[in-house]
Enquirer: 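Would you mind keeping the following structure in view while I ask a few things?
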Amino acid sequence: MKTQTEKFSIPEVSHTVTPKFECFRRILPQVIAAAAPILMYLTVGITGAFPTILIPALTAKNTESVLHLTIDQASWFVSGLIESLSSQYMAEICEPSVRGTLLALIALAVTMGYFIVFSLDYVTKWQNIAAINVSLPLLCIVLVTQIPDSPIWLLSQGRPTHALKSLQWLRGWTSAELVQEEFEKMEAHYKKSTEQSLRSKMVGEYEYELCPTTDKMRLGTSEKQWSRKAIFSSAANLYRDVFREEMLRPFLKCLSLFAIVAFSGLPCLTTYMKKMFQDLDLSINSNQSIMLVTCGALVGNCGCALLVHRVNKKPMLEFSLICCAICLVQAALFLMGHMPGSRDSIAYRWSSVVLISAYYLFANLGLLPISRAYFGEILPHRGREVAASVLTSIFSWFMVISVKTFPALTQALRLEGALLIFAAVCVGGVFFSMSLPETEGKHLQDIEAEVTQRVSINGSKPETSKACSC
């Protein structure tokens, strides 16, 4: 750019255009690298939406399908175990100025998956939709092979040269000098974390030392002894990494957030939405009702992506939970007959649909995207992979339990009782969210220092990194 500017002698254009161009060039590769994880979450959304159209087809009494299920059997069938660790990768590769926005796009991708499935339900059968959905995971596999590994992961593998090249790629295909400061801070943080880990590890006769090239174990024993004993010591080290105090605090915060998401009614109402609207007999086409709810969710997702860097995560999460609780209580009162209007009135027929749509709008404005963002940001580097995998597994089982128990819950307490329980979970989430740190605009190492109640690597208190002006 400098050579072109001198050649054409247009310094005025250089001053006005170049900063924006440089900002765009810096952000573009991060967006490209995030495309594959976002597509993975689009697949998650499609898979999660599929049971919504499948349950009515398989449980209908007059179905022509060879496969017929009772509602109890269907509750087992639709409890799939699916989640992705892509938010961890996105948090590691993104700058603080764009990380919150890109992580918010995860929830937008999930909602777009729902929108695609519900749109296809208008024009084709569920068997054809199942066949169409097979292609997306294959496309994900292709895209994943084209993006770089995260720099912090490459450092953990003892590959600093590759880590620097990855950071150059992610910051706009730039020179090593322009990313040297960020890389040195990342490297110093990793080395300090590793040194603390290795100094604290002594298992039997195996002593762990910091290797200047690979940061791996140096064992003074034979290969035969390694094969017999070191596997158990390695497992013990992983256990200590996950359950040490510095990890346990953010681990429990993420676990609590996932519990709030799973038991706030979102997976239940999504899975059984079409059947629920059919059972309410509101004289409104169930497909139209579902599309209205999905559009509300899309509005919430877009609002989160646009506002998260301006408003910050904690206020948006608290506002989202409060509004979700209000919508659920209003819907429960409507079903219990405490809302005015006759059953045949237009207001009565549309009230539940509007309230559920508003609930999904506010849930996607804060609760869903920000819980995933926190999951990607607050786990410390040491032991992050194992802790994230454990959390993802637990979250999947939370979703299974929520979806599986919903039919029994509605039979015991009716739908209005279930909605009140979901509202209580949201209210509890408001109080819990007060204990969360504000992570928007901060580097991951500073977030880790704050969450673990330590100072950052340079000995000063963590400071918020400001976004670029573009």
Side-chain angles (χ1 to χ4, degrees), residues 48 51-52 54-56 58-61 69-80 256-284 286 289-290 293 296-297 320-343 347-363 367-368 371 394-432:
T52 305
L54 186 63
I55 288 179
L58 297 185
T59 58
K61 295 182 179 179
L69 301 175
T70 66
I71 190 63
D72 183 65
Q73 292 171 333
S75 66
W76 284 108
F77 184 74
V78 301
S79 303
S256 300
L257 275 174
F258 283 163
I260 293 169
V261 172
F263 299 108
S264 63
L266 284 167
C268 304
L269 297 180
T270 300
T271 303
Y272 297 100
M273 189 185 303
K274 186 171 183 178
K275 182 171 178 57
M276 180 180 68
F277 284 140
Q278 290 176 348
D279 293 343
L280 289 175
D281 191 22
L282 299 176
S283 302
I284 301 172
S286 59
S289 302
I290 291 175
V293 172
S320 169
L321 287 166
I322 292 172
C323 292
C324 285
I326 293 173
C327 291
L328 289 169
V329 170
Q330 290 289 329
L333 293 175
F334 161 77
L335 293 174
M336 288 187 289
H338 296 297
M339 302 294 288
S342 64
R343 188 173 180 84
Y348 182 93
R349 293 200 302 267
W350 281 96
S351 291
S352 61
V353 177
V354 171
L355 288 171
I356 296 298
S357 300
Y359 166 70
Y360 271 82
L361 186 154
F362 291 119
L367 177 57
L368 281 176
S371 62
I394 296 175
F395 179 51
S396 296
W397 281 107
F398 280 170
M399 300 283 279
V400 170
I401 294 170
S402 178
V403 173
K404 173 60 184 167
T405 58
F406 183 71
L409 184 64
T410 53
Q411 288 179 3
L413 302 177
R414 300 178 61 85
L415 179 59
E416 49 267 38
L419 295 179
L420 290 176
I421 292 177
F422 299 152
V425 173
C426 292
V427 172
V430 175
F431 291 100
F432 167 76

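Scope of the values below: all heavy atoms of this structure, side chains included, with no hydrogens, waters or symmetry mates.
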Enquirer: With a 4.5 Å heavy-atom cut-off, do Phe258 and Ser396 have their side chains touching?
Expert: no
Enquirer: Can Val261 and Phe395 be said to form a side-chain contact (heavy atoms from CB on, under 4.5 Å), step by step?
Expert: CA-CA 9 Å; Val261 172; Phe395 179 51; 4.2 Å; yes
Enquirer: Between Tyr360 (side chain only) and Thr270 (backbone N and O only), is there a donor and an acceptor less than 3.5 Å apart?
Expert: yes
Enquirer: Report yes if the side chains of Tyr272 and Pro407 come closer than 4.5 Å at any heavy-atom pair, otherwise no.
Expert: yes
Enquirer: Given side chains that start at C-beta, do those of Leu269 and Phe406 come closer than 4.5 Å, heavy atoms only?
Expert: yes
Enquirer: For the atom pair CD1 (Ile260) and OG (Ser371), what is the distance rounded to the nearest 0.5 Å?
Expert: 9.0 Å
Enquirer: Once rounded to the nearest 0.5 Å, what's the spacing between atom SG of Cys323 and atom CG of Leu328?
Expert: 11.0 Å
Enquirer: In Å and rounded to the nearest 0.5 Å, what is the CG to SG distance from Leu419 to Cys327?
Expert: 11.0 Å
Enquirer: Heavy-atom distance under 4.5 Å between the side chains of Phe362 and Ile322, does that happen here?
Expert: no
Enquirer: Kindly compute the distance separating CG (Leu361) from SG (Cys324), expressed to the nearest 0.5 Å.
Expert: 9.0 Å
Enquirer: Which pair of non-hydrogen atoms, one from Ser402 and one from Ala262, has the smallest distance, and what is that distance?
Expert: OG-O, 2.8 Å
Enquirer: Would you check if Ile401 and Thr405 make a side-chain contact, meaning some heavy-atom pair closer than 4.5 Å?
Expert: yes
Enquirer: For Cys268 and Val403, work out which heavy atoms get closest and say how close.
Expert: SG-N, 4.2 Å
Enquirer: At their closest point, which heavy atom of Val353 faces which heavy atom of Val293, and how far apart are they?
Expert: O-CG2, 4.4 Å
Enquirer: Begin with the C-alpha distance, continue with both residues' side-chain angles, and end with the deciding distance and a verdict on side-chain contact (heavy atoms from CB on, under 4.5 Å) for Met336 and Leu420.
Expert: CA-CA 11 Å; Met336 288 187 289; Leu420 290 176; 4.3 Å; yes
Enquirer: Would Trp397 and Val400 count as a side-chain contact (heavy atoms from CB on, under 4.5 Å) if you check the C-alpha gap in whole Å, the side-chain angles of each, and the deciding distance to 0.1 Å?
Expert: CA-CA 5 Å; Trp397 281 107; Val400 170; 4.1 Å; yes
Enquirer: Please report the closest heavy-atom contact between Ser264 and Phe422, naming both atoms and the distance.
Expert: O-CB, 3.3 Å
Enquirer: How long is the gap from CZ on Phe263 to CE on Met399, to the nearest 0.5 Å?
Expert: 10.0 Å
Enquirer: Using 0.5 Å steps for rounding, measure from the CG atom of Leu321 to the CG atom of Leu367.
Expert: 5.0 Å
